[in-house]
Amino acid sequence: MSNIEDTIRDQIAKHPVILYMKGVPEMPQCGFSAKAVSCLQSAGVPFAYVNILAAPSIREKLPSISQWPTFPQLFIGGELVGGSDIVSELSASGELKTLLDAAVAGQAEG
Amino acid sequence: MEIAEVRALIETGIPGCEVRVEGEGCSFSAVIIGEAFEGLNSVKRQQKVLATVTEPLSTGALHAISMKVYTPAEWSRLADSA
């Protein structure tokens, strides 16, 4: 796909849970990304990810689409949930697991 | 960047809010309290704050800002329970 914005919108639409992060889940390249990954892993729900360090055009374009200037960025069910602070808060309160389960269940039905 | 610069950007961008910033260099943590956040969820609140510091974030002068955002009512409840 030639248009980077279409590529990003497609990724967000296709994956019920997708994390735009620095590095990969096995080796995050930033503490904030590591924190988000560990919250997702402890919820035990599979998630897609994009390493924005390996995709400079996505790194450049996504902030203007999401209105969020930093990484990581977590999308659940096509919606921006937030960065590592919000993901941590939701994880601590148990809401993250609820959101993830709902998104994955929605995907299975759809 | 200096703490005072970050605080000034946020205060200018969101009139009437109270900002407490900690940190140094290019990474900060902030607590922001304001009426402007009434009725907004966490993402919308942080987007509002982030919008005031997009310039230093885009140049790299500011690498990251970690934040907690409260309305005055939420903040006073926190203070009461502490």
Side-chain angles (χ1 to χ4, degrees), chain A residues 12 17-23 28-40 52-53 56-100 102-103, chain B residues 1 5-10 12-14 17 19-34 36-71 73-75 77-78 81-82:
Chain A
I12 295 171
V17 185
I18 183 165
L19 181 70
Y20 290 87
M21 63 178 289
K22 292 183 178 174
Q29 300 285 311
C30 141
F32 296 105
S33 289
K35 199 156 77 170
V37 165
S38 101
C39 291
L40 284 171
I52 55 117
L53 297 178
S57 54
I58 290 179
R59 180 182 193 172
E60 196 178 320
K61 189 71 192 173
L62 181 58
S64 67
I65 296 176
S66 60
Q67 300 301 308
W68 196 270
T70 58
F71 294 92
Q73 299 187 20
L74 176 67
F75 290 79
I76 300 181
E79 296 268 339
L80 176 67
V81 168
S84 67
D85 289 339
I86 293 179
V87 173
S88 301
E89 277 175 32
L90 292 174
S91 177
S93 72
E95 288 170 76
L96 184 66
K97 173 81 174 146
T98 310
L99 282 173
L100 291 168
Chain B
M1 277 188 96
E5 293 176 74
V6 177
R7 192 168 54 220
L9 283 172
I10 299 174
T12 308
I14 308 172
C17 73
V19 185
R20 301 165 184 213
V21 186
E22 289 177 356
E24 56 184 326
C26 58
S27 188
F28 292 90
S29 68
V31 173
I32 304 113
I33 305 146
F37 305 115
E38 198 72 59
L40 300 180
N41 68 21
S42 300
V43 179
K44 297 257 164 31
R45 290 176 182 202
Q46 292 202 11
Q47 278 171 329
K48 213 173 168 67
V49 177
L50 288 166
T52 67
V53 290
T54 45
E55 201 272 330
L57 280 170
S58 69
T59 61
L62 183 62
H63 165 69
I65 180 161
S66 166
M67 67 179 94
K68 291 189 186 300
V69 187
Y70 302 102
T71 63
E74 290 165 351
W75 181 249
R77 272 201 297 277
L78 274 180
S81 65

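- Against chain B, the residues from residues 67-80 of chain A that qualify, each with a non-hydrogen atom under 4.5 angstrom away, are Gln67(A), Trp68(A), Pro69(A), Thr70(A), Leu80(A) in number order.
- Residue pairs meeting the side chain to side chain donor-acceptor pair (under 3.5 Å) criterion with at least one partner in residues 39-50 of chain B, sequence neighbours excluded, are Arg45(B)-Glu74(B).
- Near-neighbour residues of residues 83-94 of chain A relative to chain B, defined by a heavy atom under 4.5 Å from a heavy atom of that chain, comprise Asp85(A), Ile86(A), Glu89(A).
- Checked against side-chain contact (heavy atoms from CB on, under 4.5 Å), Glu38(B) has the following partners two or more places apart in sequence or in another chain: Glu35(B), Thr71(B).
- Enclosure of atom NZ in Lys97(A) by more than 12 non-hydrogen atoms of other residues, nucleotides or ligands within 6.0 angstrom is indicated.
- In the displayed structure, Glu5(B) atom CD is contacted under 6.0 Å by more than 12 heavy atoms of other residues, nucleotides or ligands.
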